[in-house]
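In what follows, a structure is listed as structure tokens, so that the remarks can point back to it.
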Number of protein chains: 2
Amino acid sequence: MQRKDYYAGNDKMYVATDCIVFGYSTDCLQLLIFPRKVEPHKGEWSLIGSFVKEDEHVRDAAERVLKEITGLDKVFFEQLKTYGDVDRDPGARCISVAQYALIRLGETDRKLVEGHGAYWYKLEDLPSLVLDHDELVRDALNELRRKARYQPIGFELLPEKFTLPQLINLYEVIYQKKLDPRNFRKKILSLKVLTKLDEKDKSTSKKGAYLYKFNREKYHQLLESGYHFEL
Amino acid sequence: MQRKDYYAGNDKMYVATDCIVFGYSTDCLQLLIFPRKVEPHKGEWSLIGSFVKEDEHVRDAAERVLKEITGLDKVFFEQLKTYGDVDRDPGARCISVAQYALIRLGETDRKLVEGHGAYWYKLEDLPSLVLDHDELVRDALNELRRKARYQPIGFELLPEKFTLPQLINLYEVIYQKKLDPRNFRKKILSLKVLTKLDEKDKSTSKKGAYLYKFNREKYHQLLESGYHFEL
DNA sequence: ACAAAAGTGTTGGCTGTACACCCATGC
DNA sequence: GCATGGGTGTACAGCCAACACTTTTGT
């Protein structure tokens, strides 16, 4: 189904969407990258991404890529910004709508990821990436830090059930500094968006730590009542 | 100069950039709109915008449009986000990179603006706009409010020299609520990013209000020293 | 019984907020 | 001299940051 083109005569260009995919596991943030499959720069490390198709929402293109590479269906992701430099891609004029995604590392089908030649790299020993992708990663990391401060997006990086020590560790990794566990607990619990479960996770200590769940409902109530966070 | 196209076979599309242009004058925020010049929906109210050219940075395209319509060269603007819905534009598949701009209303060459058939509308009596532009305006307004809280972008909307009562009024207009002038002064002056001048503006009172200038240098020092705002 | 991680409370300082009066000037 | 908007200070409350010990349990 071809619709009428009212804009003939103006320039068209390729539109890509690239995903900065963060994963978390104890003590470090990781990033999903893979060797680029097309020329130019074929084989060099790249973010995962794809061209957006004529009949495809930009967001859907990102979703498609994420599903393809991670096997996951409901990955959390948000638009970062659009990179529109004329020369950003030597392959052709191509703008890229960058998206950053947050993934619970445990759930990921590592086989599938590796089947696509993708790999998780610790942020601190990330190789340099193709095109302007290093810049996208820098920007995404800033955005993640900024955003984590006033929206509990950190939960997207943790499994459904998690312990407070895990949550603290996650925030320590994101902010790159030690947090005081007493103050952190007080603050996060005072928001009343966590539900304490009756189970303990004993994998990291003899005593065991209580598991919690993030309560999206209460979180949305809180937001709608005009509350302004600050972690 | 045509460069090699490595990506032939993938879809190309139109890329537009649309600007949400805010202006401020006492007691109200205004928005710059104009009657759309091309079919479809020719003649209906639209944000100002343009297609991005093959050899043009997306940001440059926005700059071009802003200059064309306002006559101003160094308008403050930032990317908002990209709208990528397949059906957002009935004229053809076209994604739009939205930018929001802030303008000192006094400086604008109103003749030039009107020569291009553009008009300033008060936000509260804005007509409904073409395509998804109502949504862009909503999003831009949210972003403006969010951003004004922790970055002094408000200054972009005021003339070079301004009084504190003016600044307070601006923030009242942005946040849509009354602020306490004592507390506002205390807070803003404690940031030490304003330079008090030896002149007074007597246009609004017999006593006259001292004029201030925004000190970009000190502001950047403050930022680099890792300070986190909150107005 | 001891090692290792989980969990818990108090205090002091700072920051935000609420609130009411005097000041300078043009008419 | 009075009306108009501009400018100033204080007191209270709530929040954040700093800080050290007890609890649980597997070995």
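Keep in mind that what you see is a predicted model, and the values were worked out from it rather than measured. Labels below follow one simple rule: chain letters A, B, ... track the order of the sequence lines, proteins then strands, and each chain is numbered from 1.
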Item to complete: Please work out which residues in residues 197-209 of chain A have a non-hydrogen atom less than 4.0 Å from an atom of DNA chain D and list them by number.
Response: A:Lys202, A:Lys206, A:Lys207
Worksheet entry | Sugar-phosphate or base contact per nucleotide [nucleotides 10-19 of chain D; S, B, -; heavy atom under 4.0 Å] | B-----SBBB
Worksheet item: Rounded to the nearest Å, what distance is computed from the CG atom of residue B:Asn169 to the P atom of nucleotide D:dG6?
Response: 10 Å
Worksheet entry | Separation of C:dA6 P from A:Ile168 CD1 (nearest whole Å) | 8 Å
Discussion item. Could you tell me if A:Tyr83 and A:Asp139 have a donor-acceptor pair between their side chains, going purely by distance under 3.5 Å?
Written reply: yes
Worksheet entry | Spacing of A:Leu211 atom CG relative to C:dA6 atom P, expressed in whole Å | 12 Å
Discussion item. For B:Lys178 and B:Glu172: C-alpha separation, side-chain torsions, deciding distance, then whether salt bridge (charged side-chain N to carboxylate O under 4.0 Å, His left out) applies.
Written reply: CA-CA 6 Å; B:Lys178 279 282 165 206; B:Glu172 286 179 339; 3.6 Å; yes
Practice prompt. Please state how far atom NZ in B:Lys178 lies from atom P in D:dG5, giving the value in whole angstrom units.
Written response: 12 Å
Practice prompt. Anything under 30° is parallel, anything over 60° is perpendicular, the rest tilted; go ahead and classify B:Phe162 against B:Phe155.
Written response: tilted
Practice prompt. Please tell me if the side chains of A:Arg88 and A:Ser96 come closer than 4.5 Å, counting only heavy atoms from C-beta onward.
Written response: yes
Worksheet item: Rounded to whole angstroms, how far apart are CD on A:Gln166 and C1' on C:dA5?
Response: 13 Å
Discussion item. Under a plain distance cut-off of 3.5 Å, with no hydrogens placed, do B:Tyr100 and B:Glu78 share a side-chain donor-acceptor pair?
Written reply: yes
Fill in: Side-chain touch A:Val21/A:Ile48, heavy atoms, less than 4.5 angstrom
yes
Discussion item. Filter on side-chain hydrogen bond (donor to acceptor under 3.5 Å, both in side chains), then keep only pairs touching residues 207-220 of chain A, sequence neighbours left out; what's left?
Written reply: A:Glu156-A:Arg216
Item to complete: Check whether any side-chain heavy atom of B:Glu63 lies under 4.5 Å from a side-chain heavy atom of B:His57, and answer yes or no.
Response: no
Discussion item. I want to know whether B:Tyr171 and B:Phe184 have ring centres closer than 6.0 Å.
Written reply: yes
Item to complete: Starting from C1' on D:dG6, measure out to NZ on B:Lys196 and report it in whole angstrom.
Response: 11 Å
Fill in: A:Leu167 CG to C:dA5 C1', straight-line distance once rounded to whole Å
17 Å
Fill in: Interatomic distance where CZ belongs to B:Arg185 and P belongs to C:dA18 [whole Å]
18 Å
